[in-house]
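Counting starts at 1 for both ligands and their atoms, in listed order.
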Amino acid sequence: MKVQTVATYRSDLPVDDDHPYRTGAWRPQHTEYDAWDLDVIGKIPEDLTGTYLRNTETAVFQPIKRYHPFEGDAMIHSITFGGGEARYANRFVKTEGFLAEQQAGRALWAGIAEHPSNAIAEHGWGARGMLKDAASTDVIVHRGEALASYYQCGELYRLDPVTLEDRSVSKWGIEYSGRGVAAHPKVDPHTGELLFFNYLRDDLNLGYGVIDADGELSTYVEVPFPGPRQPHDMAFTENWTILNAPSLYWNVEARAAGYFVNTFHEDEPLRFALIPRHGSAAEVRWFEADPTFILHLTNAYEDGDEVVLDGFFEHNPGVWGGGSSNPKYPGFDALAIEAMDARAHRWRFNLRTGQTTEAPTSERCSEFSMINGQHAGRRHRYSYNALGVPGMFAFNGLLKHDLDAGTEEVLEAPPGVFLSEAPMAPRDNSTAEDDGYLLTFVSDVPNDRSECWVLDASCPSDGPLARISLPERISSGTHSTWAPAT
Ligand SMILES: [Fe+2]
């Protein structure tokens, strides 16, 4: 392996740190590398062409009061494949907050588990206000640029997807009504459009917008909601965009005291807003479903009179309201997939009758699913989901779900080995939905090393076709994407 160290950044984290999200699977790294001629066990497929990107939440400084992994700074990992070879790069996203804290040598913003008045900085971001816009939640690629997003609504930070060179903030000439962009904007590969939603703390509306293939804002709509809501994900079909108003939202009494605590309203239905992609607020169709909170959706498509939506139903959404099994570092119980009891679920919205039908599609806990991106907004058969580690937010397995056959295939990682959200990369000239590869970054804590695994998407439980060494063990994180070279 050939490695060039690009930069190492300041950190004041203690050597004997014992925070569960700054050690083990979540041990942060503060050095940026470029690496090529990577050591490989097995063989990198010659027909794998494109870039796999992952965003990781990286602790840099000790918090003002309390650290939460969702506020770690964005470090993006990029591995680019072509001609049977791969090269790797990792970079911090140079957000305004990251740069200011590097200059100060300490944390300046209050964490999401703190009262906003703890912040030292004079201004902040996010739907709850006074946060650091960490840009550390998702990474997608639109118009040849990687965009890093933040789940509490922040700017979209642009990078070159291969070199991770900083390209500053994407504004598209607008300020999104001052709201930033929520966690998961979506790219429709069939039209080149980017769909997004956004919200402010006390908004009664959710903002919904479309950026066209030329990078221009073509639609922006104020969608009237039942009250201030903070949905995490969205979906789309050929003609419809699907937003949701979850049954879990900020507790009114806590909000009055300046805190942000979620309460599950078990008698309040989950509501879905279906809006024509370029429609108006008057054209929104509302559908009601069983109460829950949705973290992630898988995909949606049209089927006659119905819109079909796949995602994850939390059978224990109340866990987001609190709960702790670690008195020294409380409040993390909600982060485990097992704790929220998330299972794959299908909703069907009948546009003729206005009725919703819904049913689980799996009895097994999983979340963070990916599909073959060529099927986004179109009918899909397969999803590739992450399996969670009991008691913490980390992934130790992959599940391939055949929704037509109702079968599941599992790859379990060895103890102490953690996987990432695993996107599907279609093989060059692929001929079937699962004709391609799954990619996952692997953090092997016992052996203190990281690899990128390439798996056959048609039979991932057979294990990796290639294990590619990385320069340093990387941290766990949340979201990732596959960007074909085209
Ligand atoms: Fe997410």
Point to revise | the Fe ion (ligand 1): protein N, O or S atoms [distance under 2.8 Å] | key: H184 NE2, H232 NE2, H296 NE2, H479 NE2
Practice item. Report yes or no: is the cationic atom of K94 (NZ for Lys, CZ for Arg) closer than 6.0 Å to the six-membered ring centre of Y157, at no more than 45° off its axis? Key: no
Exercise for review: May I ask you to check whether F225 and W286 place their ring centres under 6.0 Å from each other?
Suggested key: yes
Point to revise | Geometric cation-pi criterion R285 and F349, 6.0 Å radius, 45° cone | key: no
Exercise for review: Dump the intermediate steps for ring pair (Phe, Tyr, Trp, His ring centres under 6.0 Å) on F197 and H184, then the final yes or no.
Suggested key: CA-CA 8 Å; F197 66 94; H184 295 304; 8.6 Å; no
Check your understanding: Does the separation of the ring centres of F272 and W347 fall below 6.0 angstrom?
Key -> yes
**Study point:** Residues that D290 engages under side-chain contact (heavy atoms from CB on, under 4.5 Å), provided they are two or more places apart
**Key:** F313, E358
